[in-house]
Amino acid sequence: MTNIVQLRDYDGGTAAYRLYDVGCTGREGAGRTLRARSDTEAKALALMLLGDHPIELWDRTRFIARYWPGNLPMAVSIEARQ
């Protein structure tokens with residue numbers, strides 16, 4: 001990943017999320033660890049790291065979200081319902 005964000009260390013109550021670049025064949029590379037207190041916080045950090053490749057956010061084996069460059073999550077589905 002090309003973007004770098006300084007993440008704050010918390011005194012506890014954090015989970016170690018993983019952020020992966022997604023290529024044509026799926027996850028590429030070892031990924032990056034994000035420390036966050038909740039899924040919501042982890043999603044916000046992931047959006048800050050979004051570069052020019054799709055990324056996926058995971059909590060161990062639990063899929064959280066996938067983000068594409070230039071698109072906010074669920075923007076298309078919200079517009080389609082109106």
| remark: On a heavy-atom basis, the closest approach of Arg66 and Phe63 is N-CZ, 3.6 Å
| For the residue pair Lys43 and Leu57, what are the closest heavy atoms and their distance? | N-CD2, 3.8 Å
| Close side-chain approach of Leu49 to Arg32, heavy-atom, < 4.5 Å | yes
| note | Output for pair (Leu50 CG, Leu19 CG), nearest 0.5 Å, gives 9.0 Å
| task | With the side chain counted from C-beta on, respond yes when Trp58 and Arg60 share a heavy-atom pair under 4.5 Å apart, and no when they do not. | result | no
| query | For Thr33 and Ala16, which heavy atoms make the closest approach, and how far apart are they? | reply | CG2-CB, 4.1 Å
| task | Taking all heavy atoms of Asp59 and all of Ile64, pick out the closest pair and write down the distance. | result | N-CG1, 3.9 Å
| task | Kindly indicate whether the side chain of Tyr67, heavy atoms from C-beta on, has any atom under 4.5 Å from the side chain of Leu47. | result | yes
| request: Write down the atom of Glu41, the atom of Arg37, and the distance for their closest heavy-atom approach. | output: OE1-N, 2.6 Å
| Distance-minimising heavy-atom pair for Ala42 and Ala36 | N-CB, 3.6 Å
| task | Check whether any side-chain N or O of Tyr17 sits under 3.5 Å from a backbone N or O of Asp39 as a donor-acceptor pair, and report yes or no. | result | yes
